[in-house]
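A quick write-up on the structure given underneath.
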Amino acid sequence: MKNSKLLPVGLTGSLLMALCCFTPALVLLLGALGLSTFVGWWLDLILFPAMAIFMAIAAYGFYQRKRASERAAAEAEND
């Protein structure tokens with residue numbers, strides 16, 4: 001994955017996982033689709049780690065963006 005896509009993917013995934021974890025959005029969606037048997041105590045066992053992974057991707061994207069801007073500033077200073 002390109003560094004320019006890390007931040008949007010991480011932020012979008014984090015927001016989606018937070019929406020599913022902290023609101024009944026996923027419960028309502030699965031219930032409307034007739035898949036309410038998949039809503040159980042184990043749902044959080046999947047959503048919380050997924051949210052942590054997306055947050056890590058977003059943090060890495062922020063780090064890469066900061067590092068690139070510092071590198072560009074250093075190159076501009078040397079010219």
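Side-chain atoms are counted along with the backbone in the values below, which use heavy atoms only and exclude waters and symmetry mates.
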### Query
Are F54 and F48 connected in a single hydrophobic cluster, I mean Ile/Leu/Val/Met/Phe/Trp/Tyr linked by side-chain heavy atoms less than 4.5 Å apart?
yes

### CZ on R71 to CD on Q64, rounded to 0.5 Å
8.0 Å

### Atom pair OH/CZ of Y60 and R65 - distance to nearest 0.5 Å
14.0 Å

### Query
Which value, rounded to the nearest 0.5 Å, describes the distance between L11 atom CG and L16 atom CG?
12.5 Å

### Task
Without swapping roles, check the side chain of S69 against the backbone of K66 for a donor-acceptor pair under 3.5 Å.
yes

### Query
Same cluster for L6 and I53 if Ile/Leu/Val/Met/Phe/Trp/Tyr side chains link at under 4.5 Å?
yes

## Note on the structure
One should read off an interatomic distance between I46 CD1 and M17 CE, to the nearest 0.5 angstrom, of 10.0 Å

